[in-house]
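This report refers to the structure that appears directly beneath it.
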Amino acid sequence: MEYNFREIEQKWRKFWAENQTYKVEEDPNKPKYYVLDMFPYPSGAGLHVGHPLGYIASDIYARYKRLEGFNVLHPMGYDSFGLPAEQYAIQTGQHPAITTEQNIARYRDQLDKMGFSFDWSREVRTSSPDYYKWTQWIFKLLFNAYYDTVSHKTTAIDQLIAHFEQHGSANCPAFTEEEFSFTAENWNAFSKKEKEQELQKFRLAYLADSWVNWCPAMGTVLANDEVVNGLSVRGGHPVEQKLMRQWSMRIKAYAERLLQGLDVIDWTDALKEQQRNWIGKSQGASVSFPLWNGIEGEDVTPLDLPSMGENSKSIEVFTTRPDTIFGVTFLVLAPEHEWVAQLTTEAQKEEIESYQKSASLKTERDRQSDVKNISGVFTGSYAIHPFTGEKVEIWIGDYVLAGYGTGAVMAVPCGDQRDFDFARHFNKEIRNIFKDTDISNEAYTEKDAIIANSDFLNGLPAKEAIKRAIEEIEKRGLGSGKTNYRLRDAVFSRQRYWGEPFPVYYENELPTLVEDEHLPIQLPEVDKYLPTEDGEPPLARSKKEDWNFTRGDRMEYNTMPGWAGSSWYFLRYLDPKNDQEFVAKDKVDYWGNVDLYIGGSEHATGHLLYARFWTKALYDLGYIPFEEPFQKLINQGMILGRSSFVYRIQQSNEFVTFNKKNDYNVTPIHVDISLVDNNKLDLEGFKNWMPEYASATFILEEDGSYTCGYEVEKMSKSKFNVQTPDELVEKFGADTLRMYEMFLGPLEQSKPWDTKGITGVNGFLRKFWRLFHPIENQFTLADGPGNEKEMRTLHRTIKRIREDLDRYSFNTCISTFMIAVNELTELKCNKREVLQPLIVLIAPFAPHMADELWEKAGGKPGEVHTSTYPQFNESYLVESSIDYPVSFNGKMRFKVNLSAQLSAKEVEEHVMNMEETQKWLEGKAPKKVIIVPGKIVNIVL
RNA sequence: GCGGAUGUGGUGAAAUUGGUAGACACGCUAGACUUAGGAUCUAGUGCCGAGAGGUAUGCGGGUUCGAGUCCCUCCAUCCGCACCA
């Protein structure tokens, strides 16, 4: 029989499903191993060839571990809340649940076709009420908790309340960045609302004002990705920065633990470095600069604060270089700094306000990428240098960010390049406080200079000066040494429909939790999935009777962000059907954390940080026995796609062809690759593609065609460059596609998608099949022992595959199999002793074929997946002779086959007596002869 | 600007601790078999050279008997980003 993959694969898929081959239960007699994939968002485009890359690798590894005797948990599910389904709902009116259901069905079908060994009885979906009930429950847990800075633990808020009742805010053990001060008497006299206002400063889930990209025309908030040059990607409407009341998560409290935890997990240094960079620990000092009271000629000294009267405020700055404080020549505030309005003098008002307005039109991303344009405005006010008593100007500039540090910096042009550029641009003084440095062209930013012109810091090296400066700052009550993290609290509200509702209602604008017995709060029906006319979230459209629970004046209308459900899903797989707990204690105790986690590096700082945060909180509160969710993590490289672009003339619905786009001000827009053939756009197809393009007009090439641009970039639904695996499974079979994706290159490396090489892998599998069907496609296995060469091939293969799997080098496994099959074909080997172990060996890679061959060889169906991994025997690998390469000055000249038994001395004697050697010696005597037994001979002339 | 990664044939890549650079494939060339073939088989294939040989892992240095691998300088490309004071 020819290798009929269609028949074989269908047969075994059916068998596995009917026999629940991959279902697992807790088994105390076996060691556990948890292999997890980052679960997919079920997009309308279906799985693309990049998804399975990681799934195939994890599946091979899970199957390998199973054969090694582990009880392997290998589940799959769907991150099924998300924007695309909602956008589709807005366009078509179809409920996102229906869209999602359809997409999941499609995904499931695609996943099944790839032959994965998932235990589908454990499937989770974040959008299922059974699941999000527990997401809501965890939210409640975090709302009812604070971070205790004494015990360094997540702690129930009741303990903090008890503290306030007894001691007021004195010695408050809770982490916060807010200001607070009250006595026990104050606290006990507070109204419920006042108490809540204080508690919000400590709860891990809390309400606060956050900056968002607000698009007034669409009445909605946009992600940074959805904004380009201050305009929305969809529709090209202006977008501005706006403060909105939002739920946030106090992840900052965990900054230090998130940093420390990296030391105990097995992630790549690159990934750890990215997280460290994101957490961004920096040490320095906060320093207060008193404000000048505005009376010219009056000598205000910094220690005379109280006498400054009503304006006795000071501006607090954070600096990592307190040693450079004598180099300060002005202060710069973020344009959004809360005091800007008060500090602005009448004369500067107009300019400041227009600058604030223009800054509000820039996203943070725009602000950071624009380093060339230096901008800022003088407020008209001054602060007093706390050490010199000098007046320094207070400016605003958009290079200072409101969200980092205190939103204000002390500008030291000689020591910071941005301050230097700012000073240059506005002709401010650049005072050199570093001994023997040249700062005529750029700032001196190294921390190795000797400080000068700096009073008590003179003569100190920078590192010591930092300590000395902090001492002095603290002594004079100007501030203190401080560790700052750039990590920001995570905004947890979305003004969307398709997400988890909050278990929260409002009474008198007081947020109150819904009791557990009413969970889940289900998503109510709405007439449209858009924000309301006055910009409220879609849930505000709901009627009271559309909710399964209501209380108070109104329910919370925001929904949770995508990362809510994905921050704990790996726990739900352990106990997916439990309706009493999010996970039972005995189950989480057995399975523990994820041993191997595979997914894309785009989650390096988002999902992976949030999941670690929630895990730590759940650990502290005693629900789970581990603090780090993912022990070993591999980022699979991206499979890159080829995207196509059309070019929209800004503020219009007119599209210009690639070769004429430079004559216009255009925005490139991704267009679906199915509408593009050989870079030519299908114009009618494009108009029918999305309603907003129905009335599109075009500026075409001379020949009347529209040429698209292209780029090789990440394959993603939003880039419309998705290639699905279905076609390839159909043509070559899942086993071939599995092995081909592994063969492409190292798992972690990104590579452009290309199907050219797949025939090679398909040919290999057929050749493998032919080993078992040597004559007229009849299955045969010969008895009798394998000969020396055959056994050496087998055992070398066993050894290499195992070693390669242990280092996750899947691509070289495939090569090793190819070499084995080439050798055995050459040897015309058909012996059971040699070939049967190979079936087990290849089972993790090509499970369908393995099952078929195993059955033919007399095994029980499905048994090959629970069999034992072949052991290799070193004795078969011993070679009797070695091909020694003989090098002269490191250059290989010829080889000589010598017995492996020879000692280094004997090898040297033999080689030196050879004619070939004499030829290359050219009559000279060698200076040195290096023999590495079993490896090489190098003769130095 | 900051952070991370990567540079090896026409292409994807291999070389686990410094020890024969280019395994294994794709592609290409020539041939065999074929009505046909994205089938199969044989031979060849880094570059220069008729050959002997020379040369070659982004560039330039260094360490070493020996460097793709270790160190330094530079260059290019890709990814991420919150100008992080």
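Per chain, numbering begins at 1; letters A, B, ... match sequence-line order.
Per the geometry, CG belonging to A/Leu271 stands 12 Å off C1' belonging to B/A5, to the nearest Å. Spacing between atom CZ of A/Phe764 and atom P of B/C26 amounts to 12 Å, rounded to whole angstrom units. Between the P atom of B/G38 and the CD1 atom of A/Ile758 lies a distance of 17 Å, rounded to the nearest Å. Remark: C1' of B/A13 and CZ of A/Phe743 are 8 Å apart, rounded to the nearest angstrom. Between A/Glu826 atom CD and B/C41 atom P the separation is 12 Å, expressed in whole Å. The distance from atom CD of A/Glu730 to atom P of B/G38 is 19 Å, rounded to the nearest whole Å. Between the NZ atom of A/Lys482 and the C1' atom of B/A85 there is a distance of 13 Å, rounded to whole Å. The distance between atom CD1 of A/Ile930 and atom P of B/C65, rounded to the nearest whole Å, is 7 Å.
The base-pairing partner of B/G49, taking Watson-Crick or G-U wobble contacts with both distances under 3.5 Å, does not exist among the strands shown. Checking B/G7 for Watson-Crick or G-U wobble geometry (two distances, each under 3.5 Å) identifies B/C75 as its partner.
Side chain of A/Asn811, nearest nucleotide from B/G19, B/G12, B/A14: B/A14. For A/Tyr399, the listed nucleotide lying nearest its side chain is B/C83; candidates were B/G12, B/C83, B/A85. Relative to the side chain of A/Glu273, the nucleotides B/A14, B/C24, B/G4 differ in distance, and B/G4 lies closest. Side chain of A/Lys891, nearest nucleotide from B/U55, B/A23, B/C41: B/U55. Of the listed nucleotides (B/U16, B/G66, B/A82), B/G66 has the atom at the smallest distance from the side chain of A/Asn938. Checked against B/A85, B/G4, B/A13, the side chain of A/Val400 finds its nearest nucleotide in B/A85. Of the candidate nucleotides B/G19, B/U20, B/A85, B/U20 has the atom nearest to the side chain of A/Lys895. For A/Lys731, counting side-chain heavy atoms from C-beta on, the closest listed nucleotide (B/G38, B/G54, B/A14) is B/G38. The nucleotide whose nearest atom lies closest to any side-chain atom of A/Leu401 is, among B/A82, B/G54, B/G27, B/A82. Checking B/G38, B/C24, B/U40 against the side-chain heavy atoms of A/Arg766 singles out B/U40 as nearest.
Taking the six-membered ring for Trp, A/Phe845 and A/Phe817 have ring centres closer than 6.0 Å.
Between the base of B/C83 and the side chain of A/Asp398 there is a donor-acceptor pair shorter than 3.5 Å.
Look at the C1' atom in both B/G68 and B/U55: the space between them is 16 Å, to the nearest Å. B/U6 sits 14 Å from B/U69 when the P atoms are compared, rounded to a whole Å. To the nearest whole angstrom, the two C1' atoms, one in B/U45 and one in B/A23, are 15 Å apart. For the C1' atom pair drawn from B/U8 and B/C59, the interatomic distance equals 15 Å after rounding to whole Å. Spacing between B/C28 and B/A76 at atom C1', rounded to whole Å, works out to 29 Å.
Residue contacts shown for A/Tyr485 are absent, as no nucleic acid heavy atom lies under 4.0 Å away. When heavy atoms are screened at a 4.0 angstrom cut-off, A/Tyr884 is found touching no nucleic acid atom at all.
The residue among A/Ser282 and A/Lys928 whose nearest nucleotide of RNA chain B is located toward the 5' end is A/Lys928. Mapping A/Val940 and A/Lys281 onto RNA chain B via the closest heavy atom, the residue that lands nearer the 5' end is A/Val940.
A donor-acceptor pair is defined here as one N or O able to donate and one able to accept, closer than 3.5 Å; no such pair exists between the side chain of A/Arg321 and the backbone of A/Val412. At least one donor-acceptor pair closer than 3.5 Å links the side chain of A/Gln356 to the backbone N or O of A/Pro335.
With a glycosidic angle no further than 90° from 0, B/G9 counts as syn.
Using cut-offs of 30° and 60° on the angle between ring planes, the pair A/Phe888 and A/Phe894 is tilted. Aromatic ring pairs are classed by plane angle as parallel below 30°, tilted from 30° to 60° and perpendicular above 60°; the pair A/Trp769 and A/His773 is parallel. Between A/Phe422 and A/Trp395, the ring-plane angle classifies as perpendicular under the 30° and 60° cut-offs.
For the OP1/OP2 pair of B/A39 and a distance below 4.0 Å, the side-chain nitrogens and oxygens of A/Arg770 include no atom meeting the criterion.
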